[in-house]
Undergrad: 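There's a structure below that I have some questions on.
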Amino acid sequence: MGRFEVISIDMFQTLVDVHTRRNYIWKRILEKDYSEKIAQEYSNLMGEFIYKRFHEDVILAKEFSNLKSIFREYYKEVFIKTELKFSARKATEIWANEHSLANPYSDTNHFFNCIGKAIPICLVSDSDIDMISSHIENFNFDEVFISEKLKAYKNQSNGKVFKKVIEYYNVKPERILHIGDTLSDIMGANRVGIKTCWINRNEDKWKHDIKPTYIINSLRDIADILRLEKENQVV
């Protein structure tokens with residue numbers, strides 16, 4: 001038996017590339033006023049909310065709010081700051097819809113075809129159901145754990161999401177490997193003793209005190225971590 005019995009994995013920016021939908025989001029919002037320059041500017045403003053506030057907003061919240069509700073407030077603030085007259089609710093619907101249309105990375109199907117033969121793969125995603133349901137149908141997950149269903153997010157201090165994974169598989173947490181691209185993935189899984197793997201597709205620098213167990217640039221690297229037999233390795 002290998003060192004891990006279960007693979008837990010994030011969806012967006014891990015299995016599918018939402019960044020390729022950025023321009024489509026802003027084309028639908030800006031319509032005739034669209035330009036790549038403006039789209040980049042507004043995307044950067046949204047990025048500030050996501051990276052600077054999302055994790056804190058989720059952790060401090062007294063009640064669960066789904067992802068669209070949280071991002072609706074971010075769009076409101078961006079539109080006020082940019083004086084853009086557009087419905088934040090409609091913008092959030094567009095944003096969620098474009099998530100559902102994102103394409104998989106080039107290594108995603110190999111990951112399922114090869115790794116999935118050796119070990120069960122479950123999905124753990126901070127997502128609303130409508131954003132992710134089309135992707136769930138496209139991949140062979142053993143089980144799925146979605147924030148909107150669980151009424152919790154990965155990085156909340158009670159560890160509810162990842163505890164559900166441990167409970168479902170009835171294995172020791174250190175026998176589970178979680179793969180994801182964000183701080184929430186690493187901190188949330190680490191909090192309950194699950195081993196972590198940061199997928200760093202853009203070769204960024206990890207800037208946080210809590211370190212991932214492993215760092216990879218591609219899902220093709222997982223076979224080496226799992227010490228799979230040659231015939232099961234991703235090539």
Side-chain angles (χ1 to χ4, degrees), residues 9-61 65-109 125-135 138 147-148 153-155 179-187 198-208 215-219:
I9 194 163
D10 172 55
M11 176 65 79
F12 299 114
Q13 299 312 115
T14 300
L15 294 172
V16 300
D17 186 3
V18 179
H19 286 173
T20 60
R21 307 306 302 179
R22 184 201 69 182
N23 287 353
Y24 294 98
I25 292 171
W26 291 105
K27 280 179 181 178
R28 293 170 67 180
I29 293 172
L30 294 167
E31 297 180 329
K32 62 182 177 59
D33 295 323
Y34 170 84
S35 72
E36 288 192 12
K37 182 179 179 180
I38 295 175
Q40 182 65 59
E41 177 186 342
Y42 288 6
S43 291
N44 290 343
L45 286 174
M46 279 299 293
E48 290 180 16
F49 286 109
I50 296 169
Y51 294 113
K52 292 182 180 179
R53 282 189 33 192
F54 175 71
H55 302 295
E56 184 175 337
D57 288 348
V58 164
I59 290 172
L60 297 179
S65 296
N66 69 11
L67 213 58
K68 288 192 292 295
S69 297
I70 294 172
F71 274 72
R72 189 180 307 132
E73 296 305 311
Y74 296 165
Y75 273 109
K76 281 183 183 178
E77 294 190 44
V78 167
F79 293 164
I80 290 171
K81 190 170 184 177
T82 60
E83 299 183 347
L84 177 63
K85 298 189 183 304
F86 194 85
S87 163
R89 181 178 294 277
K90 180 62 176 176
T92 307
E93 291 173 358
I94 291 170
W95 170 81
N97 175 249
E98 290 295 338
H99 271 67
S100 73
L101 299 174
N103 291 324
Y105 286 102
S106 60
D107 53 9
T108 296
N109 288 328
S125 178
D126 282 345
S127 176
D128 292 354
I129 295 166
D130 61 336
M131 296 168 59
I132 206 166
S133 56
S134 63
H135 297 301
N138 291 334
S147 60
E148 190 173 36
Y153 288 102
K154 287 183 280 194
N155 197 22
I179 307 166
D181 69 299
T182 69
L183 177 62
S184 287
D185 290 291
I186 306 308
M187 287 190 67
W198 179 40
I199 183 160
N200 179 21
R201 293 187 180 277
N202 299 320
E203 298 187 357
D204 295 324
K205 184 177 181 180
W206 185 259
K207 300 176 181 178
H208 310 285
I215 297 176
I216 59 174
N217 300 120
S218 166
L219 291 174

Undergrad: Looking at every non-hydrogen atom in both residues, tell me the closest pair between Ile38 and Asp33 and how far apart they are.
TA: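 Smallest interatomic distance, heavy atoms only, reads CD1-O, 3.6 Å.
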
Undergrad: Tell me every residue that passes side-chain hydrogen bond (donor to acceptor under 3.5 Å, both in side chains) with Thr108, counting only those two or more places apart in sequence or in another chain.
TA: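 Not a single residue meets the side-chain hydrogen bond (donor to acceptor under 3.5 Å, both in side chains) criterion with Thr108.
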
Undergrad: Could you state the interatomic distance from CD (Glu203) to CD1 (Ile215), rounded to the nearest 0.5 Å?
TA: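 The distance works out to 11.5 Å.
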
Undergrad: Can you name the closest pair of heavy atoms from Ser127 and Leu67 and give their distance?
TA: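 So the two residues come closest at CA-CD2, 4.0 Å.
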
Undergrad: Nearest 0.5 Å, what's the CG-CZ distance between Asn103 and Arg21?
TA: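 Going from CG on Asn103 over to CZ on Arg21, the span is 7.0 Å.
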
Undergrad: Less than 4.5 Å apart, side chain to side chain, heavy atoms only: is that true for Ile29 and Phe79?
TA: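 Sidechains of Phe79 and Ile29: in contact.
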
Undergrad: Kindly give the heavy-atom pair with the smallest separation between Trp206 and Thr182, and that separation in Å.
TA: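 For Trp206 versus Thr182, the nearest heavy atoms are CH2-O, 4.4 Å.
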
Undergrad: Quick check: do Ile132 and Phe12 have side-chain heavy atoms less than 4.5 Å from each other?
TA: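 A side-chain contact exists here, since the closest heavy-atom pair is under 4.5 Å.
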
Undergrad: Less than 4.5 Å apart, any side-chain heavy atom of Leu30 and any of Leu84?
TA: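 Yes - at least one pair of side-chain heavy atoms lies under 4.5 Å apart.
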
Undergrad: What do the steps show when you test Val58 against Ile70 for side-chain contact (heavy atoms from CB on, under 4.5 Å), and what is the final call?
TA: CA-CA 9 Å; Val58 164; Ile70 294 172; 4.2 Å; yes

Undergrad: Nearest 0.5 Å please: distance from the OG atom of Ser218 over to the CD1 atom of Ile199.
TA: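 Ser218 OG to Ile199 CD1: 6.0 Å, rounded to 0.5 Å.
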
Undergrad: Answer yes or no: is there a side-chain heavy-atom contact under 4.5 Å between Leu219 and Ile179?
TA: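 Result yes, sub-4.5 Å side-chain heavy-atom pair found.
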
Undergrad: Roughly how far, to the nearest 0.5 Å, is the NZ atom of Lys68 from the CZ atom of Arg89?
TA: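 Result: 10.0 Å between the selected atoms.
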
Undergrad: Indicate yes or no for a side-chain donor-acceptor contact from Ser134 to the backbone of Ser100 under 3.5 Å, with no hydrogens or angles considered.
TA: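 Side chain of Ser134 to backbone of Ser100: a pair is present.
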
Undergrad: Nearest heavy-atom pair of Ala88 and Lys76: which atoms, and what distance?
TA: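 So the minimum-distance heavy-atom pair works out to CB-CG, 3.4 Å.
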
Undergrad: Using the side-chain hydrogen bond (donor to acceptor under 3.5 Å, both in side chains) rule, pick out the option among Asp107, Asn217, Thr14 that qualifies with Arg201.
TA: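 Only one option passes, and that is Asp107.
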
Undergrad: Can you name the nearest heavy-atom pair linking His135 to Leu101, along with the distance?
TA: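 Minimum heavy-atom contact is NE2-N, 4.3 Å.
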
Undergrad: Is the shortest heavy-atom distance from the side chain of Asp128 to the side chain of Phe71 under 4.5 Å?
TA: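 Heavy-atom side-chain distance check fails, nothing below 4.5 Å.
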
Undergrad: Does Glu73 come within less than 4.0 Å of Arg53, counting only side-chain N to carboxylate O?
TA: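 So Glu73 does not pair with Arg53 through a salt bridge.
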
Undergrad: What's the separation between atom OG in Ser133 and atom CE in Met131, rounded to the nearest 0.5 Å?
TA: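 So the OG of Ser133 and the CE of Met131 are separated by 10.5 Å.
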
Undergrad: Where do Tyr153 and Ser65 come nearest, in terms of heavy atoms and distance?
TA: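 That would be OH-O, 2.6 Å.
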
Undergrad: Are any non-hydrogen side-chain atoms of Arg28 and Glu98 less than 4.5 angstrom apart?
TA: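 Result yes, sub-4.5 Å side-chain heavy-atom pair found.
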
Undergrad: Please set out all donor-acceptor pairs under 3.5 angstrom arising from side-chain atoms of residues 39-47, sequence neighbours excluded.
TA:
{"from": "Gln40", "atom 1": "OE1", "to": "Arg22", "atom 2": "NH1", "distance (Å)": "2.4"}
{"from": "Gln40", "atom 1": "NE2", "to": "Asn44", "atom 2": "OD1", "distance (Å)": "2.8"}
{"from": "Ser43", "atom 1": "OG", "to": "Trp26", "atom 2": "NE1", "distance (Å)": "3.0"}
{"from": "Ser43", "atom 1": "OG", "to": "Ala39", "atom 2": "O", "distance (Å)": "2.8"}
{"from": "Asn44", "atom 1": "ND2", "to": "Gln40", "atom 2": "O", "distance (Å)": "3.3"}

Undergrad: Measuring only between side-chain heavy atoms, which start at C-beta, is Tyr74 closer than 4.5 Å to Phe54?
TA: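 Tyr74 vs Phe54: side chains touch.
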
Undergrad: With Asn66, which residues qualify under side-chain hydrogen bond (donor to acceptor under 3.5 Å, both in side chains), at least two apart?
TA: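 So Asn66 forms a side-chain hydrogen bond (donor to acceptor under 3.5 Å, both in side chains) with Ser69, Glu148.
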
Undergrad: Roughly how far, to the nearest 0.5 Å, is CD of Glu31 from CZ of Phe86?
TA: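 Going from CZ on Phe86 over to CD on Glu31, the span is 6.5 Å.
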
Undergrad: Mind checking whether Trp198 and Asp204 have side chains closer than 4.5 Å, heavy atoms only?
TA: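 A side-chain contact exists here, since the closest heavy-atom pair is under 4.5 Å.
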
